[in-house]
Amino acid sequence: MQRITIDPITRLEGHGKIEIFLNDDGDVANTYFQIPELRGFENFVVGRPVEEMPLLTNRICGVCPEAHHMAAAKAADAVYHVEVPPTGKKLRELLYMAFFATDHTTHFYALGGPDFIMGPDAPVAERNILGVIHKVGLEIGGKVIQMRKFGHNVVEIIGGRKVHPCTSIPGGLTKGIIEEQRVEIEKMGRWAIEFAQFSLQAFNDIVLGNKAYVDLILGDIYTEKTYYMGVVDANNKVNFYDGKVRVVGPDGIEYVKYEPKDYAANIAEHVEPWTYLKFPYLKNVGWKGFVDGADSGVYMATPLSRLNASDGMATPLAQAEFEKFYATLGGKPVHQRLAIHWARLIELLYSAERWVELATDPEITSPNFRAIPTATPTEGIGIVEAPRGTLTHHYWTDERGVVTKANLVVGTTNNYAPITMSIKKAASSLIKKGNVNEGLLNMVEMAFRAYDPCFGCATHSLPGQMPLEVSIHNAAGDVVDVLKQFVD
Amino acid sequence: MDKKEKIGVYVCHCGTNIAGVVNVGEVSTWAAENLKNDGVVIARDYKFMCSSLGQELIQKDIKEQGLTRVVVAACSPHLHEATFRNACKGGGLNPYLCELVSIREQDSWVHTDKIAATEKAKAILSGGVSRVIHHEPLEPLHVPIHPATLVVGGGIAGIQAALEIANAGFPVYLVEREPSIGGHMAQFDKTFPTLDCSACILTPKMVDAGNHPNITLLTYSEVEKVDGYVGNFVATIRKRARSVNEADCTGCGICWEKCPKKVVDNVFEAGMGYRKAVYVSFPQAVPKYPVIDRENCTYYIKGTCKACEKFCPTNAINFAQEDEILNVQVGNIILATGYDLFDSRRITQYGYGRLANVFTSLEFERMSNAAGPTGGNIVLRDGKTVPKVVGIVHCVGSRDKNYNEYCSAICCMQSLKFAHLVEERTGAEVYNFYIDIRTPGKGYEEFYHRLLEEGTHFIRGKVAEISDAARLPAEEGKLIMQVEDTLTANQLRVPVDMVILSAGLEPRHDAKEVANRFGISCSADGWLIERHPKLDPVATVTEGIYIAGCVQGPKDIPNSVAQGAAAAARILGKIQQKEVALEPIRATIHEEQCSGCRICNNMCPFNAILFHEDKMVSEVNPALCQGCGTCVAACPAGAISGTGFSNEQILSQINGLLLLNIPKKEVVA
Amino acid sequence: MTDTPETKPFEPTIIGFTCNWCSYRAADMAGTARMKYAPNVRLIRLMCSGRLDPTFVLKAFAGGADAVLISGCHPGDCHYINQNYKALRRFLLMKRVLAQMGIQPERLKLLWASAAEGAIFTREINEFVEQVRALGPLNWNTTAIEVHAEKEEVPA
Amino acid sequence: MSKPKFAMYWAASCGGCEIAVLNIHEKILDVDAAFEVVFWPVAMDAKYKDVEAMQDGEITLCLFNGGMRNDENEHIAKLLRRKSKIMVAFGSCACEGCIPGLANFRPIKELVDTAFSTISTDNPENIRPQTSYSMPEGAITIPTLNPMLKTLDQVVDVDYYMPGCPPESHQIAAVVDLVIAALNGKAELPPKGATIGAGNSTVCDECQRKRNVKLIKEFGRIQFTEADPELCLLEQGIPCNGIATRSGCNARCPSVGAQCIGCYGPAEGVVDYGARLIAGFASVIDSDDPVEIDKILDGLVDPAGQFYRFNLAGSLLRASKSAQKG
C-alpha cells in the first residue's frame with residue numbers, strides 16, 4: 001500500500017490536506033481530503049448580541065467577509081422581523097456586487113488563473129500573481145490591481161472598511177451615500193464592466209484559443225454529474241444577494257426551489273471522523289457516499305452551479321456570455337469542473353453590470369436606508385450566494401436579541417464532497433502504476449482550485465497552509481521516496 | 001529593568017511587638033536568598049529600626065553598599081514612613097526611594113499563628129521589594145502657608161485658640177453661628193471645682209477677642225464651603241443679616257427695650273426665659289450688636305411695627321439688610337464647634353417635659369445664674385416654691401448602650417457642683433444617684449470629699465424611673481425616684497421635689513456634614529477624629545485642619561482651653577516656617593497619548609482636570625490635583641500616570657505579594 | 001499551589017486594596033487594638049479606592065489570588081469627596097465581567113470601613129476568608145498561564 | 001548581492017491580513033522589487049523545503065498572522081521564528097487572538113460538540129473528528145486543537161506588533177516603506193517589542209465626532225438608536241470601544257456611524273485592554289446609587305464579550321475558567 005500526502009494545497013484561501021493511498025499495483029486505492037481545524041463560531045457567538053453577528057462572522061473569512069456580513073445582517077433582520085427599506089437593500093447589494101467583482105478578479109488572476117495563463121507546466125516561480133503580471137504585462141497587471149482597488153473602494157464607501165465592512169445592522173445600514181459618492185461608484189462600475197469584458201477576452205484568447213486547455217476542460221477527468229445549487233430571482237435569473245434557492249439535477253431539470261428559511265428541510269450535513277469539516281448533501285435524496293449521479297445527494301455550489309441552476313443572467317452582456325458558454329460547452333448542464341473558471345468570469349461581468357444598474361438607481365442616495373426594529377427578536381435565517389457557494393446563517397435569540405443558538409452552512413462546505421470526488425477522480429486518472437511526479441500533483445490541485453475552495457470560510461475551520469509534500473509508501477508502509485512539491 | 005537596582009532590606013523586631021510573632025530572622029534570610037533577582041543585596045533584621053542606631057544602619061549601608069533602594073519591614077507607614085525617608089535622605093538617597101511595609105499593624109499584631117504570620121511577612125516584604133524597584137526619586141511639593149487662620153466656633157476653645165494666634169501677631173477669622181461668642185461656658189453660673197463665676201473669667205477673654213486688631217469676628221455666620229488645601233484654603237462664609245448696621249449701632253439697648261414681641265429663649269436661656277424679637281444673647285454679648293430674629297419679628301411677619309427702627313437713636317436698624325457672602329483665604333483651620341447637650345426627653349421614664357419639676361443640667365445652670373431667669377433663685381417651675389428635697393441623676397444619656405456608650409466626662413463634677421449650689425442656696429436635702437463617681441482632675445477629688453462632708457446623699461444606682469404616682473401618703477405631690485441601691489441591694493423609692501438630670505454631651509447634630517465640608521472624618525459615635533489619639537490629639541489626617549475642645553470628644557473647660565492653645569501652637573509653628581512640604585503625589589496626562597475622549601473630565605471633584613478644545617486634550621492642574629489617582633485608573637487610553645502610586649509600582653507589588661503562590665520552579669528562575 | 005500540604009484545609013490568598021485615609025487606618029486600628037483576624041489577606045495601600053484600576057484586580061486573580069478585597073471610606077465620607085462612588089461603579093461592572101470569565105462574583109468584595117472601624121474590618125475579613133475557603137482555590141496562575149519554558153527565543 | 005528575504009504566513013487567521021497586504025496595490029511591486037519573496041502561501045507556491053533548509057535568521061522579514069489554534073500552527077511559528085531576523089506579529093489574531101479568541105470563553109470540547117450537533121447536522125452516531133483515525137488503507141491524522149487559543153507571543157518571541165483586523169493598508173504601506181528605508185540605512189527600526197503601523201493614542205484621537213463631558217443614564221444598542229451623526233457615539237449610549245482602542249485606523253467605524261469594536265487592541269503601554277474599558281464605561285455612568293447603577297449596566301448585554309471581543313486570548317486572564325478546564 002502506497003500513500004501520498006499533499007499537505008496542503010497552495011494558492012487557495014485556507015487549509016486542506018489530501019491523502020492518496022495507492023494499492024499494490026501503484027494505482028489509487030482511495031483519497032481523503034481533510035480539513036485540519038475547527039474554531040467553533042457556532043458555539044462562541046452564543047451569548048453575544050445579534051447585531052454583532054455581521055461583525056463577528058466577518059472574521060470567519062477575510063477573503064469573503066462581505067458575504068458573511070450580508071448573510072448575518074439578513075439573518076439579524078429576520079430575527080427582529082424587520083423589513084429593510086428599498087434603499088437599504090440596494091446599498092447592501094451594491095456593496096455586494098463590487099465585492100463579487102473584486103473576489104472573482106482576485107481568484108482568476110491570483111489563485112486559479114495562473115494554472116491557465118502560465119500553463120500547468122510553467123516553472124513554479126512564475127506560477128503566481130507576480131508571474132501573471134509579468135506575463136500579461138505590467139499594464140494589464142496594473143488593470144488587475146485597479147479592478148481590486150475600485151472594488152474595495154466601493155466596499156469602503158458603503159461598508160466603511162475595505163476588509164470586514166461594519167455598516168450593516170438589523171433593519172438596514174448605519175449610513176447611506178451622497179451624490180458625489182454615487183457618481184464615483186458609477187464611474188468605477190463602468191470601468192469594471194470593461195475590465196470584465198477584457199478578462200473574458202483574455203480567457204477567450206489564452207484558454208479557449210489553446211487546444212490543450214480546451215481539451216483539459218472538456219476532457220473527462222474533472223467531470224462529475226452532480227446536483228447544482230444557486231440562488232435565483234423571480235425570473236430564475238442568477239442573483240447573489242436575494243431570492244430562492246434552486247437546485248437542478250444532473251439532468252439539468254429543476255429538482256427543488258425553496259425559501260431560504262426552509263434550508264434545513266432540504267439540506268443536511270454528513271459527518272466523517274477523519275476531518276473537522278462536514279459534507280452537506282440534499283436531504284431528500286440522501287447521502288450515498290462520495291459518488292455522483294441522480295441517486296446521490298451530493299451537490300455543487302459554485303459559479304458553474306449557479307449558471308446551471310438558473311435560466312440565465314439578469315443583465316444583457318452577461319446573458320450573451322451565458323449563451324455563448326453553453327453553446328461552446330454543449331448545452332446545460334455543464335459538468336466539467338474546469339469550466340468554473342469561465343463561469344466565474346461571466347459572473348464577474350454580471351456583477352459589474354448590476355453594480356452600474358444599482359449605482360444609477362434613483363433611490364440609491366435616498367436617506368431611507370434603515371428601519372428601527374420594533375418586534376421582539378426570536379429566530380432568523382439569512383442566505384446569500386458567496387462566490388464559493390450558497391451561504392446560510394441561522395440565529396436564535398432571547399427576547400433581548402442575545403444569540404442563544406447558531407447554525408452556519410458556509411459556501412465552500414457545500415462543495416466538500418464534490419471536491420473530494422474530483423480529487424479522487426483526478427488522482428486515479430493521473431497516477432498510474434505508482435508513477436508520481438509533482439506536475440501531476442499540481443494537476444490534482446487544479447481540480448481542487450477550480451472550486452476556489454476557501455477553507456478560511458469552510459465553516460469553523462481556520463486557514464493556514466503548509467506546502468505540498470508527498471510521501472510515497474510501499475506496500476510495507478516504509479517511505480521509499482519523498483517528493484516536495486515544485487522542486488526546481 | 002534596564003539597570004539592576006541594589007536594594008537593602010531591613011526587618012524590624014520592634015522589640016517583641018513583631019519578633020514575638022514573626023520569625024524576623026527567617027524573613028530576612030529568606031529575602032536575602034529569594035529576592036536576589038529583584039536586586040536585594042543585603043537583608044538585615046534589627047531590634048528597633050526606628051532607633052537612631054537602626055537608622056544609622058541604613059545610612060551606613062547606603063554609603064558602603066551603594067544601595068539605590070531601601071525597604072523597611074516594620075510598622076504602619078502612617079507612623080514611621082517619614083522617619084525612614086529621612087534616614088535615607090541622611091544617607092544621601094532620595095527619600096522617596098524608600099518603602100516602608102507594615103508587618104506590625106497588618107501582621108504581628110493581628111495574627112497568632114506564628115508560621116502563617118511569618119509567611120505573610122515574607123509576602124508583604126517581597127511586595128515592597130517588587131514595588132520599590134519602580135519608585136522614582138521625587139521632590140516634595142513646597143506650598144506657601146497663608147498667615148491667616150480660620151477658627152470655626154466661638155466657644156472657650158475657639159476663643160483661646162484665636163487669642164493665642166492673634167497675640168502672636170497673625171490674622172484670625174473667628175466664625176460663630178450664634179449672634180455672640182462665648183458658647184456654653186457663657187451660660188454657666190459657677191465652674192467646678194473652684195466655684196469661681198463663669199462669666200467673670202470668660203467675659204474678659206470674649207472682650208479681648210472682640211477688640212483684638214488681629215481678630216475678625218464673624219458672628220451670626222457659618223462656613224458654607226472650603227476649597228483648596230493646606231496653606232491655601234479658601235473658605236466661603238455666610239454672614240447672616242442682623243438687620244442692624246453694625247457701623248451705626250452703639251448697643252444702647254433701646255431697640256430690645258421697645259420691642260413689643262417676647263420670644264421664648266430656647267438657646268441661651270435653655271427655654272427658661274424670654275428675649276425680644278430684636279435681642280442680644282446675653283448682656284455681656286460680644287459683639288454688642290443685637291440681631292432681629294426674622295422668624296418672630298412682627299414687622300417681618302405682618303409688615304408693620306418697626307418700633308425698634310422708630311426708637312433707634314442712630315438709625316442702625318436695617319430691615320432690608322441681606323446675607324453677605326465672604327471668601328476668606330487662610331493657611332490653616334481650627335474646628336472648635338463644641339457639642340450638643342443630650343436631649344433628656346429621649347429617656348421617657350425620667351419624665352422630662354412631662355413632669356414639670358424635672359430639670360436638665362443646662363436649665364439648672366441658668367436658674368442658678370444670678371443673671372438668669374430666676375435671678376439665681378433655685379425654685380420649682382411655679383417660680384416661687386423652694387424645693388426641700390432635690391435628686392440629681394448622673395450619667396443621663398451617657399455610659400448607656402441605649403444612648404451613648406461613652407462617659408461624658410463632665411457630669412460627675414457638674415452634678416457635685418449642682419449639689420453644692422442647691423444646699424448652699426436652699427438648704428435642701430440632696431440625693432446624688434450615680435453609677436461611679438469619676439473625679440480625675442486637679443482639685444476634683446477634694447471637691448468630692450467636700451460634698452461628702454456637706455452631707456449630700458450618694459446612692460449608687462441607676463435611676464429606673466421618675467414618676468408622680470404616689471403610693472404612700474408621704475409621696476403625695478412629690479416626684480418619686482425608683483432606684484436600686486446597688487451597695488445595699490435595696491429597692492428604694494425616694495420622694496423629691498425637684499430632679500436635675502445631669503445630661504451628657506453629644507456631637508453637634510450636624511457634626512457629620514461639618515466633617516465632610518472640611519474633608520475629615522467622624523468616629524462611629526460622631527466625634528471628629530484626631531490624627532493620633534495620644535501623640536497628635538489636635539491635628540487631623542487632613543493637613544492644615546485642626547480640632548479643639550468638645551468637637552473632638554467630651555471634655556471640661558481646662559482641657560478645652562488646653563486644646564485650643566495646643567492647636568494654635570501647632571499652627572503658629574507652620575506659619576513661622578512660611579511654607580509646607582506636601583507629598584508629591586500628583587496625576588499627569590501625557591498629551592501625545594491623550595485622545596481627548598473626555599472620560600476623565602467628570603472624574604475630578606477638585607476641578608483639577610481641564611479640557612483644551614483647541615488641542616483636543618485634557619490636562620491636570622498640579623496645583624489643584626490632590627493625588628487621589630481616580631483619573632489615572634479611569635483613563636481608557638492609559639494616558640494618565642500618577643507619581644508614587646504608578647501602575648508599575650502597584651502591579652509589581654501584586655506580583656511580589658503573590659510570589660509565594662507561584663509554583664516553586666518559577667520562584668528561582 | 002501554595003506550599004501547604006494537601007492535609008491542611010485550603011488557605012485562600014486574598015489581595016486587599018485599601019485607601020490611605022479610611023480602610024488602611026481601620027486596619028492600623030485593628031492592629032493597635034490587637035484585634036485578631038485570619039492571616040490570608042495581604043493589603044496594598046492606595047491613596048483612594050478611586051485609584052483602583054480594574055487591571056489590579058485582574059492581575060491579582062491571574063497571579064494566583066483566590067479573591068480580591070476592595071475597601072474604602074464610607075459613601076459620603078471619601079477624603080476626596082466622592083471618589084469612592086467611582087470605585088463602586090467599577091466594582092459593579094467588574095463583578096459582571098468576572099462572572100462571565102467564570103470567576104464567582106463572591107470572590108470580589110467591596111468593603112466600606114472608616115478609620116474608626118477596626119472591629120468591622122476585622123469581622124468582615126474573617127467572614128470573607130471563610131466565604132472564599134468555601135469557594136475553594138482558583139489557581140488561575142497554574143491553569144491559564146503556562147510557564148513559557150518551551151517558548152522559542154530569537155537566534156543569538 | 002542578493003535581495004533580503006521576505007516571508008508571510010497565516011496560522012489561525014481568516015486571510016483578511018493577506019487581502020489587506022494585496023490592498024497596498026501598486027506598493028506590492030515595491031515589495032517584489034525590494035525583497036525576494038521566499039514564502040507566501042496565499043500568493044505563490046511555497047518552497048517549504050527551502051525554508052527548512054535556510055540558515056537560522058536567514059529570512060529578513062516575516063509577517064506572521066493568525067493565532068495558535070492547534071499544534072501545527074505552533075510548529076510553523078517556531079520554525080519561522082528560527083529562520084527570521086524580524087518576526088512581526090501581524091494583525092489582531094497574532095497580536096491578541098482576535099475574534100477566534102472568543103473561543104476561550106468555552107471549553108474546546110463544547111465547541112466541537114456544538115459544531116457536530118447543529119440542526120442541519122446528520123450525525124446519528126454522534127461522531128467527533130479523531131486526531132488519528134485508521135482507515136482500511138491506513139491511519140490518517142489531523143492536528144490537535146489547543147484547549148485555549150494562544151497569541152503568537154505566547155508561543156514564540158516577537159520583535160514587532162502590527163495590530164488591526166486587518167491592519168489598515170495605508171499603515172502596511174508605511175511600514176513597508178520604513179523597513180525598505182531601514183534596509184538601505186536611510187531609517188532607524190523601532191526598538192524591539194514596539195507596536196508599529198499604528199498610533200499611540202486611542203480611536204477618539206482620530207474621530208471627528210464632537211464630544212462633551214460624558215454622563216450616561218442608559219446604554220443603547222445601535223439598531224435602536226437614531227444616532228446624531230455629529231456627536232460622540234458613546235455619549236449617545238452606544239457601546240463604542242473607541243475610547244480604549246489604539247488609534248491608527250482613522251476612526252473608520254465611528255466615522256460611518258458604527259461603534260468601534262476594538263480591532264486595534266489596547267493603546268501604548270496598556271496592560272489589559274478590557275480593564276481600560278471597564279474603567280472607561282464605569283466612569284460615564286451617571287449615578288451613585290448601586291441599584292440604579294446596576295439598572296444602567298443591564299444595558300450592556302455582554303460586557304466581557306464587548307470588552308474582550310478581540311483581546312481575550314491576549315488578556316491578563318486569557319480565557320474563562322471553563323475553557324481552562326476544557
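Below, chains carry the letters A, B, ... as their sequence lines are ordered, and counting in each starts from 1. Everything numeric here is computed off the predicted structure, so don't read it as measured data. When reading the values below, keep in mind they use all heavy atoms of this one structure, side chains included, and skip hydrogens, waters and symmetry mates.
- Residues B:Thr630 and C:Tyr80 have side chains not in contact (no heavy-atom distance under 4.5 Å, counting atoms from C-beta outward).
- No side-chain heavy atom of B:Val110 sits under 4.5 Å from any side-chain heavy atom of C:Phe121.
- In this structure, the side chain of C:Arg51 engages the main chain of B:Phe645 through a donor-acceptor pair within 3.5 Å.
- Between B:Gln106 and C:Asp28, some side-chain heavy-atom pair lies under the 4.5 Å cut-off.
- Formation of a donor-acceptor pair under 3.5 Å by the C:Lys86 side chain with backbone atoms of B:Ala633 is not found in this model.
- Interface summary for chain C: among B:Cys75, B:Pro605, B:Cys628, the most heavy-atom pairs under 4.5 angstrom belong to B:Cys628.
- Contact count versus chain C (heavy atoms, under 4.5 Å) is highest, among B:Arg131, B:Gln653, B:Lys512, B:Gln626, for B:Gln653.
- Judged purely by atom type and a 3.5 angstrom limit, B:His111 uses its side chain to pair as donor or acceptor with the backbone of C:Tyr37.
- In terms of heavy-atom pairs under 4.5 angstrom with chain B, the leader among C:Ala87, C:Ala116, C:Cys78 is C:Ala116.
- We find the CG-CZ distance between B:Leu658 and C:Phe61 to be 11.0 Å, quoted to the nearest 0.5 Å.
- No side-chain heavy atom of B:Ile529 sits less than 4.5 Å from a side-chain heavy atom of C:Arg25.
- For B:Leu651, the parts sitting under 4.5 Å from any heavy atom of chain C are the backbone and the side chain alike.
- Neither the backbone nor the side chain of B:Leu79 comes within less than 4.5 Å of any heavy atom in chain C.
- For B:Asn516, the part lying under 4.5 angstrom from a heavy atom of chain C is the side chain only.
- Listed options C:Ala115, C:Ala60, C:Cys73 were ranked by heavy-atom pairs under 4.5 angstrom with chain B; first place goes to C:Ala60.
- Taken to the nearest 0.5 Å, the OG1 atom of B:Thr540 stands 9.0 Å off from the CH2 atom of C:Trp21.
- When side chains are defined from C-beta on, C:Asp53 does not count as touching B:Val632, because their heavy atoms never get closer than 4.5 Å.
- Pairs passing the side chain to side chain donor-acceptor pair (under 3.5 Å) check and including a residue from residues 110-120 of chain C, sequence neighbours excluded, read C:His74-C:Glu117.
- Atoms CE and OG, on C:Met29 and B:Ser523 in that order, are 9.0 Å from each other to the nearest 0.5 Å.
- Neither the backbone nor the side chain of B:Ala515 comes within contact range of chain C; no heavy atom of the residue lies under 4.5 Å from a heavy atom of that chain.
- In terms of heavy-atom pairs under 4.5 Å with chain C, the best-connected choice from B:Asn17, B:Ile650, B:Thr542 is B:Ile650.
- Electrostatic pairing of B:Glu81 and C:Arg45 counts as a salt bridge here, judged by a charged N lying under 4.0 Å from a carboxylate O.
- Both the backbone and the side chain of B:Asn647 come within less than 4.5 Å of a heavy atom in chain C.
- The distance from atom CD1 of B:Ile585 to atom CE of C:Met47, rounded to the nearest 0.5 Å, is 4.0 Å.
- Both the backbone and the side chain of C:Tyr24 have a heavy atom closer than 4.5 Å to some heavy atom of chain B.
- C:Lys36 places a side-chain N or O within donor-acceptor distance of the main-chain N or O of B:Trp109, the cut-off being under 3.5 Å.
- Interatomic distance, CG of B:Leu657 versus NZ of C:Lys59, reported as 12.0 Å (0.5 Å rounding).
- C:Gln83 contributes a side-chain N or O that, together with a main-chain N or O of B:Met603, makes up a donor-acceptor pair within less than 3.5 Å.
- Both the backbone and the side chain of C:Asn20 come within contact range of chain B, with heavy atoms under 4.5 Å apart.
- The part of C:Ile15 that comes within reach of chain B is its side chain, from C-beta onward, which places non-hydrogen atoms under 4.5 angstrom from that chain.
- Heavy-atom pairs under 4.5 Å with chain C were tallied for B:Gly627, B:Ala117, B:Gly629; the largest tally goes to B:Gly629.
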